[in-house]
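The model shown is predicted, which means the values in this text are computed figures rather than measured ones. For this chain, numbers begin at 1 and follow the sequence in order.
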Amino acid sequence: MTDTRWQVVAYIFASMVLWLVAAQLVRRRAAIPWIRSLSDGWAASILRFAYYAGLPYAALVLGVVPGRYLGLVGQARKASPLSFESIPDAWQLLLQVQGSISLVILDWLPDMGKVAGLAILMLLLLSATWLGYAYAWRSVVSSLGIDTVSLRRGEKLSGVRVLYQAIHWSFYRGAVWLLADDLYLGVVGGIVLVIGEWMLVPGRTDRRRHSLSSEVRLLDASVLIATSVIFLFVPNLWLLAPIHWMLAIASRRMAASGQWRLSDSRL
């Protein structure tokens, strides 16, 4: 167990270091051509996939972080033995897949109602918070006689970015949960690690760069806390992922009503 914990710590450290290196490279992409080529297009997509999905997958496959700590709640029951001797191979496969899906759904049924209730509660809280903040911001800006900057309506929240966030945040939660052997500490520790990772991004002291990304970070932080609370009560990533997307979309739309300029982070 001690060796496994050291491996978990090594994975967390590697994730932080890779994040910091990527942030430094993105910052210098304008000056160095080969870095610019890696930060755009298919190369950037491959690198992001390797970081956000590849690292947690490696930890899962190698047995460093078991699936339940990541919220990968799977089939808890075994299918009853059936005789498929008289059934063609294609139908056997279809029936096996159908049986597995049915058992997984049965495993999830007790949590679905709880997840739905928590999702509605968090949706109302986030919507009220961001809508109130947006209108308060608009009032302050109007009273000062400053023109607001309109959100570019053509921008859409990337579903891939939301999925990467869900996997990455679950990886940190699961790692701390495994180290502390406590779900609550895992949730809190996951929040701390993610925010600490954001603090490592260079250029935070640059007011211009910071002002362009602060709204996105605030939105991400609110969704991070909301999804972490849901994970605390229902540690199921499969059910949490669509809720994560819904909360991210709702928060962004509420923030947009305040006419902010939202610029998606490249990391």
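- More than 12 non-hydrogen atoms from other residues, nucleotides or ligands lie less than 6.0 angstrom from OH of Y164.
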Using distance only, find each side-chain donor-acceptor pair of residues 9-18 under 3.5 Å and give its atom names and separation, not counting sequence neighbours.
from: S15; atom 1: OG; to: Y51; atom 2: OH; distance (Å): 2.9
from: S15; atom 1: OG; to: Y172; atom 2: OH; distance (Å): 2.7

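- Heavy-atom minimum distance, P56 versus I167: CG-CG2, 3.9 Å.
- Using a 4.5 Å heavy-atom cutoff, the side chains of I243 and T227 are not in contact.
- Inter-residue side-chain proximity for V115 and N236 is flagged as unmet; no heavy-atom pair is nearer than 4.5 Å.
- Put simply, the side chain of V65 does not reach to within 4.5 Å of the side chain of L60, judged on heavy atoms.
- Considering all non-hydrogen atoms of both residues, F231 and Y69 come closest at CZ-O, 4.0 Å.
- Contact between L126 and S251 at its shortest, heavy atoms only, is CD1-OG, 3.6 Å.
- In summary, the side chains of W130 and S222 do present a donor paired with an acceptor at a separation below 3.5 Å, with no hydrogens or angles considered.
- The heavy-atom pair separating S170 from G71 by the smallest distance is OG-N, 4.4 Å.
- Side-chain heavy atoms closer than 4.5 Å link hydrophobic residues (I, L, V, M, F, W, Y) into clusters, and following such links, possibly through other members, connects M112 to L247.
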Verify side-chain contact (heavy atoms from CB on, under 4.5 Å) between V223 and W169, making sure each step is shown before the conclusion. CA-CA 11 Å; V223 175; W169 296 352; 4.2 Å; yes
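- Between W245 and Q165, the closest side-chain pair of non-hydrogen atoms is not below 4.5 Å.
- Looking at P66 and L178, their side chains come closer than 4.5 Å, going by heavy atoms from C-beta outward.
- Considering all non-hydrogen atoms of both residues, D220 and W198 come closest at CB-CH2, 3.6 Å.
- Contact detail for Y52 and H168: the closest heavy-atom pair is CD2-CB, 3.7 Å.
- Note: the hydrophobic cluster containing V64 does not contain Y57 (ILVMFWY, side chain heavy atoms under 4.5 Å, direct or indirect links).
- Side-chain contact between S228 and L224 is present, with at least one heavy-atom pair separated by less than 4.5 Å.
- At a threshold of 4.5 Å between side-chain heavy atoms, the hydrophobic network of Ile, Leu, Val, Met, Phe, Trp and Tyr places L163 and I230 in two separate groups.
- Every residue two or more places apart in sequence or in another chain was checked for a side-chain contact (heavy atoms from CB on, under 4.5 Å) with P242, and none qualifies.
- The CD1 atom of I249 lies 11.0 Å from the CE atom of M254; values are rounded to the nearest 0.5 Å.
- The hydrophobic clustering, which links ILVMFWY residues whose side-chain heavy atoms are closer than 4.5 Å, places L124 and M122 apart.
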Check: residues 182-194 side-chain donor-acceptor pairs under 3.5 Å, at least two apart:
from: D182; atom 1: OD1; to: Y184; atom 2: N; distance (Å): 3.0
from: D182; atom 1: OD1; to: L185; atom 2: N; distance (Å): 2.9

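- With rounding to the nearest 0.5 angstrom, the CG atom of L72 is 5.5 Å from the CH2 atom of W238.
- Cluster annotation: M246 and I120 are assigned to distinct hydrophobic clusters (Ile/Leu/Val/Met/Phe/Trp/Tyr, side-chain heavy-atom contacts under 4.5 Å, transitive).
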